[in-house]
Amino acid sequence: MKLLGTMRIEEDTLYIGGVSTKELAKEYSTPLYVIDEQHVRNVCREYLRNFKVKENGNRVTYAGKAFLPLEMCKIINEEGLCLDVVSGGELYTAYKSGFPMEKVLFHGNNKTIEEIKMGISLGVGRFVADNFYELNTINEFAKKENKVVNVYIRITPGIEAHTHDYIKTGQIDSKFGFTLINDGVVNAVKEILKLENIKLMGLHAHIGSQIFDVDPFVDEVEVMFNIMNDVRSKLGIELPELDLGGGFGIYYTKEDKPKNPKVFCDAILNKAEEMSKKLEYPMPKLIIEPGRSIIGNAGTTLYTVGSIKEIPEVRKYISVDGGMTDNIRPSLYRADYECAIANKMNCKEEELVTVAGKCCESGDILISDAKLPKVESGDILAVATTGAYGYSMSSNYNKIPRPAVVMVKDGNSRVVCKRQSYEDLLASEII
Ligand SMILES: *Cc1c(COP(=O)(O)O)cnc(C)c1O
């Protein structure tokens, strides 16, 4: 397992944020999400610096859907990032954490009327409007509240990227946003200009997730500038902001070759500079929306190994006390992870095992073919890079309580989300 962030090995034990994972498991029990706070803050700063937030007034907006406890909102705010929310629940969390509402961007392809009302009355900074139905609803409620709401419109730029592949022309078939075909964006802008309580601030696109190459982003910048230019030449308006979405790829396993935030930021900023000059278009404020790459590598899940089953000549299963309820990604889309025995960090990796969860689903496998030292019941298994889309996608399937989340930094640990109790599980049930 690659050591990430502040991970260190002392004696035989994995330390994160200067805290022994053995001690964490003992003190807080397992499964346990451990967040390396310093690492989160460092990545935030790396983005802010490289995206020229101070110099150019650009913005880095954390995509909250990756991981959004109250404490994460607080850290993101302290570091000076803005925040993406995609639901009333995420918006409520941001609000309760004291996050400045003007720094919130409200996404979603089907915001409900209640969510739109809530966003307007709380005063979110920008709505990313996805369709006319929503624009009309925003306009209507903004009028009632006597407000003018800042809006980006989401468009599907004809670029779709995931990991190493990307498609430049396809991807018109998406549930998200306004399409480019038949002058779709220009016509949309034309309609929006008629809505008195909406102020169009810019365009938004998000081309995918876990993307390793810079090319799709460079192409995206070009496409978006060309659209802005088209809008200008047909309607005579210049847009002051451009939001390019997130999706920067990170390390999960040796297969992944991620680039530093600097590489993506430089490529985007340079291309924007070039397009701005070429089209003589005033440089808009640029926005990026990293989610996974802010929090992914900072998270590690600790489990205790329970039963071990060896099927001779076939496979050896080690079962842990969590699984698809705390990390759905392997079962949902075959996501790969690295792991280690946190109390045997210096032992030779000598056996190939399959790490299974405890849910009643044969698909509840966390890692197939993990190379580990000889595993025994009671060992602590650390699965790395579970910070993004782990806790936020967790469930109570099989009525398994959600694990606690602990932040570690400088030798200290603190709980930021309590482990659910059985009473918590029944809190919303009525007999
Ligand atoms: C999911 C999402 C992001 C963040 O994607 P990551 O892969 O986590 O960086 C950013 N913007 C939008 C609109 C998204 O839906």
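Whatever order the structure lists ligands and atoms in, that order sets their numbers, starting from 1. No experiment lies behind these values; they were computed from the predicted model shown.
Within ligand 1, counting atoms from 1 as listed, the ones closer than 4.0 Å to a heavy atom of A63 are 3 (C), 4 (C), 10 (C). The distance from ligand 1 to the heavy atoms of S209 drops below 4.0 Å at these ligand atoms: 6 (P), 7 (O). In the vicinity of G247, heavy-atom distances shorter than 4.0 Å reach the ligand 1 atoms 5 (O), 6 (P), 7 (O), 9 (O). The contact set between ligand 1 and H107, taken as ligand atoms under 4.0 Å from a residue heavy atom, comprises 13 (C). For ligand 1, the atoms lying closer than 4.0 Å to a non-hydrogen atom of R154 are 13 (C).
When hydrogens are left out, the protein atom nearest atom 14 (C) of ligand 1 is K65 NZ, 2.8 Å; that is the closest non-hydrogen contact. With respect to atom 10 (C) of ligand 1, the closest heavy atom belonging to the protein is E289 O, 3.2 Å. At the top of the distance list for atom 8 (O) of ligand 1, counting protein heavy atoms only, stands Y389 OH, 2.6 Å.
Inspection of the S413 and Y28 side chains reveals an N or O donor paired with an N or O acceptor under 3.5 Å. Judged purely by distance below 3.5 Å, without hydrogens or angles, the side chains of Y391 and T386 never pair a donor atom with an acceptor atom. With 3.5 Å as the limit, one finds a donor-acceptor pair spanning the side chains of T13 and K22. Defined by atom type and a distance below 3.5 Å, a donor-acceptor pair is present between the side-chain atoms of N343 and D379. Side chain to side chain, E361 and Y397 meet the donor-acceptor criterion of an N or O pair below 3.5 Å. A donor-acceptor contact closer than 3.5 angstrom links the side chains of Q38 and N42. For the residue pair T30 and D321, a side-chain donor N or O sits within less than 3.5 Å of a side-chain acceptor on the partner.
Here E140 does not pair with K143 in a salt bridge; the nearest charged N to carboxylate O distance is not below 4.0 Å.
In this comparison of H206, Q210, R292, the heavy atom closest to atom 5 (O) of ligand 1 sits on H206.
The part of D84 lying near ligand 1 is the side chain, judged by heavy-atom distances below 4.0 Å.
When only interatomic distances are considered, the shortest N/O to N/O separation between G245 and ligand 1 does not fall below 3.5 Å.
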